[in-house]
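So the structure is just underneath, and the comments pick up after that.
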Amino acid sequence: MFKNINDIVITKISLAIYVESGSGQSVHSNRPYHGLVLNDDTSVKDYCFSDGTVMHTSENSLFYLPKGSSYVVKDIRKGGCYAINFEAETDEKPFCIKTRNKDGFLKLFRDAEKRWKRHDRGNIYVMRTLYDILIEMQNEHQKDYMPDSHFDLIAPAVKKISSDFTDNNLSISQLANMCNISEAYFRRIFINKFGVSPKEYIVSMRVNYAERLLSSGQFSVSEVASLCGYFEACYFSRDFKRRVGISPSELKKSLKES
């Protein structure tokens, strides 16, 4: 989330567009502009940055892509998105928020796209709309604001997930107990911090690890399922296909054929 929205000065609008499902680049190197993006109600994507961080975006997520960043876009579930590219003085890192007022944000992004297409003083109107989006983001952030000390509460659990995400005995109740807080409060802080539930975060880490194991060609699907923390290969295949778009068996087959 932008730390000082009131201090952001937008100097140029480069583009305001709707990117249809299946179009757009998957690999971006040294992004030329800052970007604000709003997923539609079907789009689920991971943004894998060159520094190793992964930003998970889901339906109706609103997220920021910094100027100069390099990343690969991975389709989890195909869908479109609205995007506004712009110039501004900010050094913010990538972030993603789950919007409450999704209809309000959708209207603003659609207005920006229409203004840009019409070219009737489009740059000025799109710039004004972008400021409106930033203001609405600030309003939502203030409603959901949690001090950094609250995020520190879940640090032991985040560290545990990072090291033991393949442990099939890992549970949300166990993670909450580590932090000495209730499960409900643990989930709330976690979602506020990462934009997804703890369960979905763990599944994402398992599936990403599974892709690396399958790509090595050294393990069967059932072996990968076990190594990634699944008791049953069928549950592993379900989670894998939901996030990757193809089954583990289909991925192994495609790797053999390539």
Side-chain angles (χ1 to χ4, degrees), residues 21-28 39-61 63 70-81 94 96 98 154 157-176 178 183 186-187 190-191 193-258:
S21 176
S23 62
Q25 295 176 276
S26 59
V27 179
H28 296 256
N39 278 349
D40 64 19
D41 57 6
T42 62
S43 182
V44 179
K45 301 177 188 294
D46 283 352
Y47 287 74
C48 307
F49 290 89
S50 56
D51 64 359
T53 61
V54 178
M55 182 171 66
H56 308 291
T57 73
S58 57
E59 309 93 330
N60 304 306
S61 286
F63 51 97
S70 299
Y71 52 89
V72 175
V73 184
K74 180 177 174 182
D75 280 322
I76 307 305
R77 186 163 71 245
K78 288 187 179 296
C81 64
C96 175
K98 187 71 173 178
I154 66 171
V158 175
K159 184 177 180 180
K160 177 72 172 177
I161 292 172
S162 297
S163 62
D164 296 342
F165 64 90
T166 59
D167 182 358
N168 50 33
N169 292 313
L170 192 64
S171 68
I172 306 305
S173 60
Q174 175 190 2
L175 294 169
M178 287 180 62
E183 286 186 48
F186 173 72
R187 286 191 179 90
F190 198 98
I191 291 171
K193 176 69 174 177
F194 294 102
V196 294
S197 69
K199 181 179 179 180
E200 190 61 27
Y201 188 86
I202 292 168
V203 167
S204 176
M205 294 190 72
R206 288 178 173 177
V207 169
N208 288 339
Y209 182 47
E211 280 194 272
R212 297 199 299 272
L213 294 176
L214 290 167
S215 298
S216 73
Q218 299 180 29
F219 306 96
S220 67
V221 171
S222 59
E223 288 172 331
V224 171
S226 178
L227 288 169
C228 292
Y230 288 87
F231 287 112
E232 300 288 345
C234 61
Y235 293 119
F236 163 62
S237 295
R238 177 202 62 190
D239 281 348
F240 190 94
K241 187 169 185 177
R242 178 169 61 87
R243 291 198 63 83
V244 179
I246 60 174
S247 69
S249 299
E250 289 171 331
L251 177 61
K252 281 183 67 68
K253 183 179 178 182
S254 68
L255 291 170
K256 287 181 180 178
E257 293 173 348
S258 61

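Counting begins at 1 with the first residue of the sequence. Below, each value reflects all heavy atoms present in this structure, side chains not excepted, and no hydrogens, waters or symmetry copies.
Taking the side chain to side chain contact (heavy atoms under 4.5 Å, CB included) definition, one finds that Arg238 meets it with Tyr235, sequence neighbours left out. Remark: Phe49 pairs with Tyr71 by the ring-ring contact (aromatic ring centres under 6.0 Å, His included) rule, at least two apart or across chains. Residues passing the side chain to side chain contact (heavy atoms under 4.5 Å, CB included) test with Glu183 are Ile172, Ser173, Ala176, Arg187, sequence neighbours excluded. Take Asp164 and apply the salt bridge (Lys or Arg N to Asp or Glu O under 4.0 Å) test, not counting sequence neighbours, and it matches Lys160. By the salt bridge (Lys or Arg N to Asp or Glu O under 4.0 Å) test, Asp239 is found to be paired with Arg242, residues two or more places apart in sequence or in another chain being considered. Legend: residues meeting side chain to side chain donor-acceptor pair (under 3.5 Å) with Glu232, ordered by chain and number and at least two apart, are absent. Partners of Phe236 by ring-ring contact (aromatic ring centres under 6.0 Å, His included), not counting sequence neighbours, listed by chain and number: Tyr230, Phe240. Applying the side chain to side chain donor-acceptor pair (under 3.5 Å) test to Thr53 and every residue at least two apart in sequence or in another chain returns Asp51. Applying the side chain to side chain donor-acceptor pair (under 3.5 Å) test to Lys159 and every residue at least two apart in sequence or in another chain returns nothing. Every residue was checked against the side chain to side chain donor-acceptor pair (under 3.5 Å) condition with Ser215, not counting sequence neighbours, and none meets it. Listed by chain and residue number, Phe190, Phe194 satisfy the ring-ring contact (aromatic ring centres under 6.0 Å, His included) test with Tyr201 (two or more places apart in sequence, or in another chain).
Scanning all heavy atoms of the two residues, the minimum distance from Leu170 to Gln174 falls at CA-OE1, 3.6 Å.
Under the 3.5 Å distance criterion, the side-chain polar atoms of Thr57 are matched with a main-chain donor or acceptor of Lys45. A side-chain donor-acceptor contact under 3.5 Å links Asp40 to the backbone of Ser43.
Rounding to the nearest 0.5 Å places SG of Cys228 at 5.0 Å from CG of Leu213. Atom-to-atom distance recorded for Ser197:OG and Phe186:CZ is 10.0 Å, nearest 0.5 angstrom. Taking OG from Ser58 and CG from Asp41, the interatomic distance works out to 11.5 Å, rounded to the nearest 0.5 Å. Interatomic distance, CG of Asn39 versus SG of Cys96, reported as 7.5 Å (0.5 Å rounding).
Sorted by first and then second residue, the pairs that involve residues 202-225 and meet ring-ring contact (aromatic ring centres under 6.0 Å, His included), not counting sequence neighbours, are Phe165-Tyr209.
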Test side-chain hydrogen bond (donor to acceptor under 3.5 Å, both in side chains) on Ser222 and Ser220 and set out the steps.
CA-CA 5 Å; Ser222 59; Ser220 67; 3.1 Å; yes
